[in-house]
Amino acid sequence: MKIIHATDYEDMSRKAANLIAAQVTLKPNCVLGLATGSTPIGTYKGLVAKYEAGDLDFSEVSSYNLDEYRGLTGDDPQSYRYFMNDNLFDHVNIDKSRTFVPDGSNMDAEANCAAYDGLVGAAGYPDLQLLGIGNNGHIGFNEPDDHFSCGTHCVDLTESTIEANSRLFDRIEDVPRQAYTMGTQTIMFARQILVLANGEKKAQAVHDMCFGPIAPSCPASILQLHPNVVVIADDEALALCKDKLA
Ligand code: PGA
């Protein structure tokens, strides 16, 4: 794992946008694995700015998002499809028909997940997978468990994730209890993985991801086994790693 220290959220976002821009420049028809949440918003802003400056062309890029709430349609402002349109896709020249997010409105979990795995697999898996990390060490919606997950599947969200995500909803009761998520194995098929983390709430998860035992109690710890992972984290998120990085 290569750990890059960022001073703050803006610095993390700038560095991440630069890495993704390099990927798109080097391989214009690359496959990007994309993430939602508060963490990547600044990165997406940076990519939009590079596009507007004429420095980036998304016309041949395709993208596959990690996850989606089960039961939400893509035009629901709380859905991850809406988030992606709003934060990135509507502002760059990506072909929306080549942007994929699991279909939250399809309640047939088995068929929906198998279809999504088929799509990601047929695309050859992401060249670059962007990841945030949950306060509890989850990646995508792969929550702490007694085993690592394989392909796309339907999960029951943990209380800690429901609480963390409730800040984006009017009421905690409105947070969906289930989600579709790419599995841990699918994430590991990406050729490069870029993990972003900022803020003190992520410090324990970042420590366990990078230096803890490889265990499904911290799903992100499996990334220690991936040959090409870059972590960009700010001061606060790296607070518990200082001894190890010195
Ligand atoms: P956040 O979520 O970016 O909103 O902190 C990260 C995650 O849960 O993966």
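Because the structure is a prediction, the values reported are computed rather than measured. The analysis underlying the following values was restricted to heavy atoms, covering all of them including side chains, and did not include hydrogens, waters or symmetry mates. Start at 1 and go down the list; that is how both ligands and their atoms are numbered.
Proximity to Gly132 (heavy-atom distance under 4.0 Å) selects the following atoms of ligand 1: 9 (O). Atoms of ligand 1 lying under 4.0 Å from any heavy atom of Ser38, numbered from 1 in the order shown and given with element: 1 (P), 3 (O), 4 (O). Listed by number with element, the atoms of ligand 1 under 4.0 Å from a non-hydrogen atom of Thr39 are 1 (P), 3 (O), 5 (O). Contact atoms of ligand 1 toward Gly37: 3 (O), 4 (O) (distance under 4.0 Å to a heavy atom of the residue).
Of the protein's non-hydrogen atoms, His138 NE2, 2.6 Å is the one closest to atom 8 (O) of ligand 1. Nearest non-hydrogen protein atom to atom 6 (C) of ligand 1 is Ile133 O, 3.6 Å.
A continuous path of ILVMFWY side-chain contacts below 4.5 Å connects Leu47 to Val230, so both sit in one hydrophobic cluster.
When atom types are taken as modelled, the side chain of Asp234 and the backbone of Gly199 share a donor-acceptor pair closer than 3.5 angstrom.
Aromatic pair Tyr69/Phe141: centroids less than 6.0 angstrom apart.
Taking the six-membered ring for Trp and thresholds of 30 and 60 degrees, Phe211 and His207 have ring planes inclined between 30 and 60 degrees apart. Relative ring orientation between Tyr64 and Phe100 is described as parallel, the plane-to-plane angle staying below 30° on a 0-90° scale split at 30° and 60°.
In terms of N/O distances under 3.5 Å, ligand 1 is not approached by Thr36.
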Mind running side chain to side chain donor-acceptor pair (under 3.5 Å) on Arg14 and Asn18 for me, showing each step along the way?
CA-CA 6 Å; Arg14 223 171 19 244; Asn18 284 340; over 6 Å; no

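Judged by the shortest distance from any of its heavy atoms, Lys202 lies inside the 4.0 Å radius around the atoms of ligand 1. Using a non-hydrogen distance threshold of 4.0 Å, Glu143 does not register as a contact of ligand 1.
At a threshold of 4.0 Å, the pair Asp103-Arg81 does not count as salt-bridged, since none of the basic side-chain nitrogens sits closer than that to a carboxylate oxygen.
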